[in-house]
Amino acid sequence: MISQKMADSINDQIKAEFDSAYIYLSMSAYFENKNFKGMAHWTKKQAKEEMEHAEKLMEHLYERGARVVLEAVAKPAAEFDGPLAVFKEVLKHEQFVTSRFYKMMDLAREEKDYTTQSMLNWFIDEQVEEEASADEIVQKLEFLGNSNSSLYLLDKELAQR
Ligand SMILES: [Fe+2]
Ligand SMILES: [Fe+2]
């Protein structure tokens with residue numbers, strides 16, 4: 001059995017994963033418009049991963065016999081102040097998501113819900129990678145600077161994801 005409180009918190013995270021997907025899709029649309037095809041590809045792929053995260057959380061609720069309740073997705077920003085600003089936002093967002101999973105883990109521990117703890121461990125490990133890959137891009141952008149040639153090179157690199 002999963003408690004209602006734990007199920008509510010997982011449902012809340014399902015919405016947060018779709019919010020993340022929407023934020024990344026909006027970033028991808030911004031990059032498409034600026035003709036940064038590689039960055040558009042990277043953020044679009046990120047959006048797909050977030051939807052997979054939502055599905056994984058939904059599966060957990062199904063398996064535990066709890067109800068999945070979908071909430072409205074928040075409207076993401078449409079305009080950004082260039083690639084560095086976008087990837088700084090990605091990093092900040094992923095750090096925020098990590099803190100959400102820590103809080104969920106606190107609740108799962110309080111409730112001695114070992115099954116949910118095991119599921120959350122996967123997400124907490126995943127967040128290490130999410131933060132690291134965003135941080136790596138921020139650092140590259142800060143190192144390379146905003147010149148056309150460096151943005152061109154990074155765009156090519158991110159197309160490889
Ligand atoms: Fe996620
Ligand atoms: Fe993420």
Side-chain angles (χ1 to χ4, degrees), residues 2 5-32 34 36-64 66-109 113-142 154-155 157-161:
I2 189 164
K5 205 173 163 191
M6 194 73 247
D8 288 347
S9 130
I10 294 171
N11 266 311
D12 207 42
Q13 185 57 32
I14 291 169
K15 175 208 160 14
E17 296 291 345
F18 282 115
D19 282 342
S20 298
Y22 232 44
I23 289 168
Y24 292 135
L25 277 178
S26 187
M27 289 169 171
S28 184
Y30 165 81
F31 284 135
E32 281 284 351
K34 302 276 178 219
F36 286 123
K37 296 281 183 196
M39 297 181 199
H41 167 79
W42 193 96
T43 40
K44 188 170 144 190
K45 205 153 183 188
Q46 188 72 20
K48 283 188 182 156
E49 275 194 23
E50 303 302 353
M51 286 187 270
E52 282 171 24
H53 294 165
E55 251 179 76
K56 203 174 167 81
L57 292 164
M58 288 164 85
E59 278 304 323
H60 182 79
L61 288 183
Y62 295 147
E63 281 172 357
R64 307 287 304 280
R67 186 78 170 86
V68 167
V69 183
L70 296 178
E71 299 291 339
V73 176
K75 185 181 195 300
E79 284 309 321
F80 302 92
D81 199 16
L84 179 59
V86 171
F87 285 100
K88 276 186 170 170
E89 193 57 43
V90 172
L91 177 59
K92 210 176 86 190
H93 183 72
E94 291 300 337
Q95 287 165 339
F96 165 69
V97 171
T98 303
S99 74
R100 291 183 58 99
F101 277 109
Y102 288 172
K103 281 191 195 128
M104 290 168 77
M105 183 60 103
D106 287 341
L107 179 63
R109 285 197 169 151
D113 182 343
Y114 300 112
T115 315
T116 299
Q117 285 177 39
S118 158
M119 183 274 291
L120 290 175
N121 270 326
W122 183 88
F123 280 95
I124 288 168
D125 290 346
E126 169 78 6
Q127 281 310 115
V128 176
E129 242 180 81
E130 296 265 275
E131 283 188 36
S133 55
D135 190 45
E136 193 187 317
I137 299 170
V138 168
Q139 285 192 40
K140 277 183 186 164
L141 279 164
E142 278 174 340
L154 186 70
D155 193 58
E157 186 187 318
L158 295 184
Q160 304 307 312
R161 179 180 180 179

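In what follows, residues are counted from 1 in the order of the sequence shown. Read the numbers this way: they start at 1 and go in the same order the structure lists the ligands and their atoms.
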Report yes or no: do Q117 and N121 form a side-chain donor-acceptor pair below 3.5 Å? no
Do any protein N, O or S atoms sit under 2.8 Å from the Fe ion (ligand 2), and which ones are they? E50 OE2, E94 OE1, E94 OE2, E130 OE1
Can W42 and F36 be said to form a ring pair (Phe, Tyr, Trp, His ring centres under 6.0 Å), step by step? CA-CA 10 Å; W42 193 96; F36 286 123; over 10 Å; no
Taking side chain to side chain contact (heavy atoms under 4.5 Å, CB included) as the definition, give me every residue that meets it alongside K103, ordered by chain and number, with sequence neighbours left out. none
Residue list, side chain to side chain contact (heavy atoms under 4.5 Å, CB included) with A74, at least two apart or on another chain: K15, D19
Test: K140 and E136 ion pair at under 4.0 Å: yes
Results of side chain to side chain contact (heavy atoms under 4.5 Å, CB included) for H93 - residues two or more places apart only: S20, I23, Y24, F96, V97
